[in-house]
Enquirer: 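This is the structure I have questions about; it appears just below.
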Amino acid sequence: MKGRIWRSLMGISAAAILATALCVTLVFYAQSLSNARATLRAQAALLCASGLLQTDAPATEAERLKPLCELEALRVTWLDADGTVLYDSAADASQMENHLQRPEILAALESGEGESTRASATLGRETVYYALALENGTVLRVSTEVRSVLGAFAAALPLIALIALAIAALCALAAALLTRRLLAPIHALAENIGDASRRPVYKELQPFVEAVRTQHENILAAAQSRQDFTANVTHELKTPLMAISGYAELLENGMVVGEQALEFAGEIRQNAQRMNAMVSDIIRLSELDRAEDLRDSFVPVDLYAAAQKVCKLLAPEALKREIRLSLDGGSVSVLANPDMIDELMENLCQNAIRYNHDGGEVRIFAGMEENHPVFRVADTGVGIPKEFQERVFERFFRVDKSRSRQTGGTGLGLAIVKHIVELHNASLHMQSEVGKGTDIRIQF
Ligand code: ADP
């Protein structure tokens, strides 16, 4: 972040420095050019008025100008009307070529005065010329050197570099300070992410903070539910274990004999079975918890055929309690995990028998309903009170603990069902009335 801010600041500063330097150089150049021109005009006018260049022996007269020229960095050239150089303060006039074709001379001969600027022999400098036609037909030309645009820029370069260096350092400092100031509220927020009353200082961060908070809450909730589950498992397993160890102790001490000993052995077996069922369900649930993408294991499953299988499996249990078990519907195929479908149906049908009255009825439906594959179990059992209808899907939740226990329930059956329904993207609807019965419908 610091690097980025620094680079941005540097980019802007470099552009600003360059633009400013260019503008200042141009203005400076234009100014010095116009200054030079004004000075040349004034000097030419002065020389003209001095009458020095009116005599017949101009060269000797002009020689007297020399010290003045050197002092002012001024060059004076005097030419005849045909372009022959009569005198030059910086060179030997006899060695100089004809100057008639120079723009400023041509202009002076034509209109009385002329001006021109040309690159000097020295790099980065320009010479400004001003020529004035005199009354006797000769031409006076004065010239001086100024810095060219490039020259002016080159002269300013060390200063520009120095400023750029200072600004780079300032940018680095600003980037560091800015980063710290921008991040301080974010750090503070990160330390108190759980505190919902803390709003981010920047409204742009609101969605991000909300997403992090939701995730944070989910993690906490998951940790809490794992903790609760572990505590519940321990408790649930301890109860049958205590019973087993109690009965076994009594048998071991020879305190019970005959008929009662057989009864106790039966209790031990029943509790061991309960533990077994519980461990199986716990393992199943943790497997389902880990299963994320089951699509690979999905195959076409006939709901009706699966229901038939479950009916056959549970028929003896129903018969024992004189509960009438019926299956309706017709063959319908869904993409699903076949083992899970068996498990879902078994759990629901078993509950319908388990929480039924002797001589009651369980009606199972597997087939199309309202254009959807549906599996449905309706019983004439004890029903579930309204306030518990959501909670029966929680792990280890039972409306009637002793009844669940007596009938070999683990309190995990509906939790497994809910999990399977979710993994199949199906929906579950429950209708239940105490004393009348329960109707659970799964729509695929
Ligand atoms: P369990 O192993 O105790 O049956 P479940 O998770 O299958 O556990 O069910 C949780 C609780 O929901 C049961 O203990 C029972 O009180 C209630 N329940 C489930 N199915 C029915 C039903 N068909 N009729 C009445 N109560 C039911």
Side-chain angles (χ1 to χ4, degrees), residues 225 228-229 232-233 235-240 243 270-289 307 310-311 313-314 317-318 320-327 340-366 374-423 426 428-442:
S225 103
D228 290 350
F229 184 59
N232 276 331
V233 166
H235 176 76
E236 295 284 341
L237 288 177
K238 248 190 174 159
T239 318
Q270 250 180 31
N271 275 295
Q273 259 173 358
R274 253 182 67 203
M275 278 187 71
N276 198 17
M278 196 109 65
V279 170
S280 301
D281 276 359
I282 290 166
I283 291 172
R284 197 76 194 106
L285 259 181
S286 75
E287 273 171 9
L288 289 174
D289 273 342
V310 173
C311 278
L313 189 79
L314 297 179
E317 209 175 314
K320 242 193 275 177
R321 297 185 45 207
E322 294 178 338
I323 290 169
R324 216 146 46 86
L325 206 59
S326 66
L327 172 62
M340 286 189 189
I341 293 297
D342 289 348
E343 195 161 2
L344 174 142
M345 289 181 171
E346 216 178 297
N347 276 331
L348 289 179
C349 295
Q350 194 141 44
N351 279 353
I353 297 171
R354 197 176 273 164
Y355 302 104
N356 217 320
H357 305 293
D358 287 351
E361 198 183 336
V362 173
R363 279 187 309 181
I364 303 168
F365 173 88
V374 163
F375 174 74
R376 188 168 180 171
V377 184
D379 64 56
T380 56
V382 295
I384 303 167
K386 265 251 152 350
E387 67 264 36
F388 297 137
Q389 286 185 6
E390 290 268 328
R391 298 202 60 198
V392 289
F393 296 99
E394 287 173 17
R395 295 165 184 202
F396 295 116
F397 183 86
R398 301 156 172 117
V399 178
D400 180 350
K401 256 196 159 58
S402 65
R403 187 183 182 117
S404 164
R405 247 180 225 148
Q406 264 168 26
T407 51
T410 59
L412 295 173
L414 286 183
I416 293 175
V417 166
K418 189 181 165 202
H419 228 316
I420 293 175
V421 166
E422 278 167 4
L423 287 171
L428 188 150
H429 307 275
M430 172 191 273
Q431 266 184 326
S432 187
E433 210 175 309
V434 176
K436 281 200 170 163
T438 306
D439 184 338
I440 294 179
R441 180 175 183 270
I442 315 270

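Counting starts at 1 for both ligands and their atoms, following the listed order.
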Enquirer: Applying side chain to side chain donor-acceptor pair (under 3.5 Å), name anything that partners R395, two or more places apart in sequence or on another chain.
Expert: D289

Enquirer: Please report the closest heavy-atom contact between C311 and L325, naming both atoms and the distance.
Expert: O-CD2, 3.7 Å

Enquirer: Looking at CZ of R354 and CZ of R321, how far apart are the two atoms once the value is rounded to the nearest 0.5 Å?
Expert: 10.0 Å

Enquirer: Under the salt bridge (Lys or Arg N to Asp or Glu O under 4.0 Å) rule, collect the residues that match up with D342, sequence neighbours excluded.
Expert: K309

Enquirer: Distances only, to 0.1 Å: what are the N or O pairs between ligand 1 and the protein that fall under 3.5 Å?
Expert:
unit_1	atom_1	unit_2	atom_2	d
ligand 1	2 (O)	R354	NH1	3.4
ligand 1	2 (O)	T410	N	2.7
ligand 1	2 (O)	G411	N	2.8
ligand 1	3 (O)	Y355	OH	3.0
ligand 1	3 (O)	S404	OG	2.6
ligand 1	3 (O)	G411	N	3.3
ligand 1	4 (O)	N351	OD1	3.1
ligand 1	4 (O)	R354	NH1	3.2
ligand 1	4 (O)	Y355	OH	2.6
ligand 1	6 (O)	G413	N	3.2
ligand 1	6 (O)	L414	N	2.7
ligand 1	7 (O)	N351	OD1	3.3
ligand 1	7 (O)	N351	ND2	2.8
ligand 1	7 (O)	L414	N	3.3
ligand 1	8 (O)	G411	N	3.3
ligand 1	14 (O)	Y355	OH	3.1
ligand 1	16 (O)	V399	N	3.0
ligand 1	20 (N)	N351	ND2	3.3
ligand 1	23 (N)	D379	OD2	2.9
ligand 1	24 (N)	T438	OG1	3.3

Enquirer: May I ask you to check whether over 12 heavy atoms, not counting those of K401, lie within 6.0 Å of atom NZ?
Expert: yes

Enquirer: So, using side chain to side chain donor-acceptor pair (under 3.5 Å) as the criterion, who are the partners of E390 when residues are at least two apart?
Expert: none

